[in-house]
Undergrad: 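Pasting a structure below so you can have a look.
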Amino acid sequence: MKKAVLITILIAIGMILAGGAMVFVSMAATGFNIKNLAQTEEYEEKKFDITEDFTNINLDMDSKGLEILKSSDENTHLIVYEKEHEHFEVNVNDDTLEVVFKEDENVSWIDSLVILDIQTENNKLYLPKDTYDNVVAKVESGSLTSEIAITFGDTDITLGSGELNLANTTLQDLDITVGSGNIIMNTINAKDVNAKSNSGRIEIATITSKSLTADAGSGSIKIMGADVEESIKAKSSSGSVHCDDAKCREASLKSGSGSVNTMNVTCEGNFEGNTSSGSVNLFETVSGGDLKAKTGSGSIHLDSCDGANMELQTSSGSIKGTIKSGKIFETKTGAGSISVPSNDLNGGQCNVRTGSGSIKLELVTEE
Amino acid sequence: MTKAEFIEQLSTTLKGLSDEDIKKSLDYYEEMIDDRMEDGKSEEEAVGGLGTIDEIKDGILEDIPITKIVKEKIKPKRALKAWEIVLLIIGSPVWIPVTAAIIVVALVIYLCFWIIILCLYVFDFAVFLSGFGGIIGAFAQQQGFNTGLFLAGCGIALIGVAILLFFGFTQIARGMLFVSKKIALGIKRMFVGGKEK
């Protein structure tokens, strides 16, 4: 090794040791609590007491999360955390509560240099009434939580990078768009529900709605306990899709590279479980119309499933399981064994195709 | 091995190269053997000192671009007959896309090597810039000595890490270039060479 290279490497190791020692000393001086190095002390709690009545809510929260809570008196209260060059404007105009986050425009780059900015307290909105009309909420980089029993009209929620927790809420139309966080909903009664997260997971438990659409970019989707008048549509690009204990007219569950799983799903009309490269596992899934299960390169497993007509198709996996009623079978496999019940001429069509796996279907008799 | 035997073996080994390249290489080695013999070595000693035929072949191939070798290989050595031309035209929907696909795959693999190397250095530069930013932040911040010390420490340590990474990444880059050279040589070998008599 050349002398110059050796000296440079020794200097680099020296810098790492010296830098590490400086970090250690600074941490030791602040009690090994990184918050003591942050600028949290610059935040100031500010409380707004709103005495005017309103029925609509328009929230534009930029930097911190928001919790919606029940007010203990007849007034609305808003608690926010402001720091230098940032403030909130709160007004009631045209029967609408407007909360807008404002940032000073003329801030020098040194003042906007954020170093270890740790602020864990969420902003809080205390609402006195049980019912409101339209709600528009936009939170750029924090979470939004509302778990009180409350009724909203049409609701539009947009989060940039936080998590949405919504529970015990009755709504009209609900539109949720989240950039990179999770969407967690529990005990929701709504008309049309659209939930979209680009890179987080979507979990919906105990929902009653007219329609339900969940679209996750790279996260998984879990629907547990859904009573949907029209259709359930769930689509994930690379996560798995689960749907348990659901009742609906039609269901379409799709995944790009994850699995599609159901348990106890009943559709009056068609059911479709579709994935490009994962497995499809259907348990106690029954559709009054067509039941389709398709995958590009995974297996299909059915347990006590049924449909007026069935179409089961994979390019390179096995298709196995039990179905509830007799069918006229049409089967095809590139390389594998085939075992299906005898054709029942009173039953619907059951088209089963696999490129390179075996087919084994049995009839299950209900006791 | 005598000079004549060596030249004959080398000529056979280099089959597939253009006549011009073969002649150039043979002339070069003939001259080298002559020079060694003029210096007082015996014919066997002069030939033996050049290395093995395979080593010499690799040395020659390294200097000739792969495109030139492939071009020479696929260039018809005689005028094509009518049925051969018809066959080429009929088969063109197959061989043109296949050839294009092979070329594209080869180019992509070659590009990947360079992109990986580029990524390593970009990452290293980012670490260095972060360290530099930490030191500037230490002076720019207004939160007290401890925060400044923390940021300066992080900055100095990151610059040290960036320097070490530079040497590590340079070794990786050299290794990757060595591998890519070997792959290229392997491909060239597939096109060049005849059976020794």
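First the proteins, then the strands, lettered A, B, ... as listed; each starts at 1. As the structure is a prediction and not an experimental result, all values here were calculated from the model.
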Undergrad: Please report the closest heavy-atom contact between A:Gly20 and B:Ala157, naming both atoms and the distance.
TA: N-CB, 4.3 Å

Undergrad: I need the minimum non-hydrogen distance between A:Met22 and B:Ile156, along with the two atoms involved.
TA: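 Reported closest heavy-atom pair: SD-CD1, 3.8 Å.
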
Undergrad: Within a strict 4.5 Å, meaning less than it, do heavy atoms of the A:Thr8 and B:Phe166 side chains meet?
TA: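 No; the side chains remain at least 4.5 Å from each other.
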
Undergrad: Take B:Phe150 and A:Thr30 through the test side chain to side chain contact (heavy atoms under 4.5 Å, CB included) and record every step on the way to the result.
TA: CA-CA 10 Å; B:Phe150 179 83; A:Thr30 52; over 6 Å; no

Undergrad: Considering non-hydrogen atoms only, spot the tightest contact between A:Val23 and B:Gly153 and give its length.
TA: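 Scanning both residues, the minimum pair turns out to be CG2-C, 3.8 Å.
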
Undergrad: Relative to chain A, which of B:Asn146, B:Ile159, B:Leu164, B:Val161 shows the most heavy atom pairs under 4.5 Å?
TA: B:Asn146

Undergrad: With respect to chain A, which residue among B:Gly155, B:Gly160, B:Gly131 yields the maximal number of heavy-atom pairs within a distance under 4.5 Å?
TA: B:Gly160

Undergrad: So does A:Lys235 have more than 12 non-hydrogen atoms from other groups sitting under 6.0 Å from NZ?
TA: no

Undergrad: For A:Phe32, look at atom CZ and say whether over 12 heavy atoms of other residues, nucleotides or ligands are found less than 6.0 Å away.
TA: yes

Undergrad: For the residue pair A:Met15 and B:Ile163, what are the closest heavy atoms and their distance?
TA: SD-CD1, 4.1 Å

Undergrad: Taking atom CZ of B:Phe132 as the centre, does the number of heavy atoms from other residues, nucleotides or ligands within less than 6.0 Å exceed 12?
TA: no

Undergrad: Hey, does A:Ile16 have a side-chain heavy atom less than 4.5 Å from the side chain of B:Leu158?
TA: no

